[in-house]
Amino acid sequence: MFALLLLTVVMLCAQQSSAIITAEQLKAIMPKCKHPEYLNNINDALVEGSINTCLRQSAFLAQLAHESGQLVYMEEIASGEAYENRTDLGNTQPGDGKRFKGRGPIQLTGRDNYAAAGKALGLDLVNNPDQVKTPYVGFRTSVWFWTNRQLNALADQGTLDSFRQITKKVNGGTNGQADREQYWAKAKNVLGCDDGSISITLPTCTANGVSGVCMSTTNCKGRSVAGHCSGPKDIQCCI
């Protein structure tokens with residue numbers, strides 16, 4: 001009986017430790033993150049969402065890194081006015097676009113998502129949407145979104161196509177696709193599940209007469225030149 005109990009404890013500890021990332025790993029994946037205190041929130045989220053394998057963690061952290069600018073922004077920079085009258089997001093009342101703009105590490109957007117996440121987490125996010133930009137609530141809504149869309153199953157496949165399906169479910173399209181894939185490749189390398197079998201093609205560009213590729217400034221080993229690539233301002237031509 002004691003041996004069985006000991007085995008159970010060891011298995012539970014192993015399961016818990018598999019869902020933990022270290023401060024060094026977080027820094028390697030998101031060097032711009034200036035909030036080491038978020039690490040506890042991240043690891044709590046990994047446990048809560050059963051994001052407990054390298055493939056799941058890599059995909060989750062890659063999406064967080066892009067959506068939040070490496071955990072720099074917990075609220076969308078834009079006003080949210082572009083979401084006004086977006087009935088597909090449940091924005092049916094005047095002011096819903098700004099009220100339910102993107103917040104949290106995976107930017108929760110739209111009245112319907114705020115209402116559903118709030119119901120699942122026991123929080124009134126419709127009347128208090130600013131809660132989502134706090135670390136405690138924001139990481140929990142991110143996990144809710146991840147599990148609600150069954151993204152662990154896609155992450156388990158470990159293919160470029162499955163990761164692009166995750167991007168589509170998170171963003172609704174292909175916005176920032178190349179940047180997300182760079183973070184994914186980096187996270188897999190840092191966490192130890194990059195087998196080198198997936199080749200990611202980055203958009204090409206030309207700056208100052210020199211050919212390069214569009215990529216995140218933090219990933220560029222050469223010189224980054226702005227104004228030659230589409231997407232967020234930190235996606236620049238690396239030459």
Side-chain angles (χ1 to χ4, degrees), residues 14-22 25-26 28-30 33 41-71 88-89 102 104-110 112-113 116-117 120 138-204 213-216 218-219 229-232 234-235:
Q15 288 172 0
Q16 291 175 355
S17 63
S18 68
I20 298 300
I21 66 166
T22 66
Q25 289 171 327
L26 179 62
I29 297 168
M30 304 185 210
C33 177
N41 299 110
I42 292 171
N43 282 322
D44 287 345
L46 298 180
V47 173
E48 184 174 353
S50 297
I51 306 171
N52 50 14
T53 69
C54 181
L55 286 175
R56 292 180 180 184
Q57 292 169 358
S58 299
F60 182 70
L61 292 173
Q63 295 294 340
L64 261 62
H66 175 82
E67 290 277 301
S68 65
Q70 300 188 31
L71 300 179
D88 58 315
L89 294 173
I106 287 184
Q107 296 195 342
L108 194 71
T109 308
D112 281 353
N113 281 323
F139 280 99
R140 293 200 69 203
T141 59
S142 296
V143 170
W144 168 83
F145 186 94
W146 188 267
T147 56
N148 183 263
R149 269 65 173 182
Q150 301 180 341
L151 300 184
N152 274 341
L154 284 172
D156 288 344
Q157 296 178 32
T159 66
L160 182 57
D161 178 67
S162 65
F163 184 76
R164 286 178 173 173
Q165 290 182 56
I166 293 174
T167 293
K168 187 173 183 179
K169 287 180 179 292
V170 169
N171 177 257
T174 60
N175 183 50
Q177 179 170 281
D179 191 50
R180 296 171 199 265
E181 290 167 8
Q182 290 174 56
Y183 284 123
W184 182 49
K186 179 187 286 188
K188 287 194 299 176
N189 181 264
V190 170
L191 299 180
C193 53
D194 182 8
D195 61 6
S197 64
I198 297 173
S199 177
I200 297 174
T201 302
L202 300 175
T204 59
V213 293
C214 294
M215 64 189 306
S216 171
T218 57
N219 294 331
C229 300
S230 60
D234 68 328
I235 301 299

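Please read all numbers here as calculations on a predicted model, not as lab measurements.
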Looking at CD of Gln165 and OG1 of Thr159, how far apart are the two atoms once the value is rounded to the nearest 0.5 Å?
7.0 Å

Compare every heavy atom of Leu64 with every heavy atom of Pro105, then report the nearest pair and how far apart it is.
CB-CG, 3.6 Å

From CZ (Phe139) to CG (Leu71), nearest 0.5 Å
5.0 Å

Apply ring-ring contact (aromatic ring centres under 6.0 Å, His included) to Phe163 and list each qualifying residue two or more places apart in sequence or on a separate chain.
Trp184

Once rounded to the nearest 0.5 Å, what's the spacing between atom CG of Asp44 and atom CD1 of Ile20?
7.5 Å

If every non-hydrogen atom of Asn113 is compared with every non-hydrogen atom of Arg149, which pair is closest and at what distance?
OD1-NH2, 3.1 Å

Asn43 side chain to Ile21 main-chain N or O, any donor-acceptor pair under 3.5 Å?
yes

When every non-hydrogen atom of Asp179 is compared with those of His66, the smallest separation belongs to OD2-ND1, 2.8 Å

With sequence neighbours left out, write down each residue that passes ring-ring contact (aromatic ring centres under 6.0 Å, His included) with Trp146, or none if nothing qualifies.
Phe60

Separation of Tyr183 OH from Gln70 CD (nearest 0.5 Å)
3.5 Å

Distance col, row Gln57:CD vs Leu46:CG, nearest 0.5 angstrom, shows 5.0 Å

Backbone of Leu55 reached by a side-chain donor or acceptor of Ser58 within 3.5 Å:
no

Checking Arg164 against Glu181 for the side-chain contact (heavy atoms from CB on, under 4.5 Å) test, could you report, in this order, the C-alpha distance in whole Å, the side-chain angles of both residues, the deciding distance, and whether it holds?
CA-CA 8 Å; Arg164 286 178 173 173; Glu181 290 167 8; 2.6 Å; yes

Taking all non-hydrogen atoms of both residues into account, name the closest pair between Cys54 and Lys188 and its distance.
SG-O, 4.4 Å

Applying side-chain hydrogen bond (donor to acceptor under 3.5 Å, both in side chains) to Glu67 and not counting sequence neighbours gives Arg180

On a heavy-atom basis, the closest approach of Leu108 and Ala117 is CD2-CB, 4.1 Å

Measure the shortest side-chain to side-chain distance between Met30 and Leu61 over non-hydrogen atoms and say whether it is less than 4.5 angstrom.
yes

Quick check: closest heavy atoms across Val190 and Ala28, and the distance to 0.1 Å?
CG2-CB, 3.8 Å

Sequence-distant partners of Asp156, salt bridge (charged side-chain N to carboxylate O under 4.0 Å, His left out), two or more places apart:
Arg56

Using modelled atom types and a 3.5 Å cut-off, is there a donor and acceptor pairing between side-chain atoms of Thr167 and backbone atoms of Thr174?
no

Kindly say whether Gly49 contributes a backbone atom to a donor-acceptor pair with the side chain of Asn152 at under 3.5 angstrom?
yes

Rounded to the nearest 0.5 Å, what separation is found between the CD atom of Gln25 and the CD1 atom of Ile42?
11.0 Å

One pair to check against side-chain hydrogen bond (donor to acceptor under 3.5 Å, both in side chains): Ser68 and Gln107. What are the steps and the verdict?
CA-CA 7 Å; Ser68 65; Gln107 296 195 342; over 6 Å; no

Sequence neighbours left out, what passes salt bridge (charged side-chain N to carboxylate O under 4.0 Å, His left out) with Asp88? Give chain and number order.
Arg86

Who are the side-chain hydrogen bond (donor to acceptor under 3.5 Å, both in side chains) partners of Thr147, not counting sequence neighbours?
none

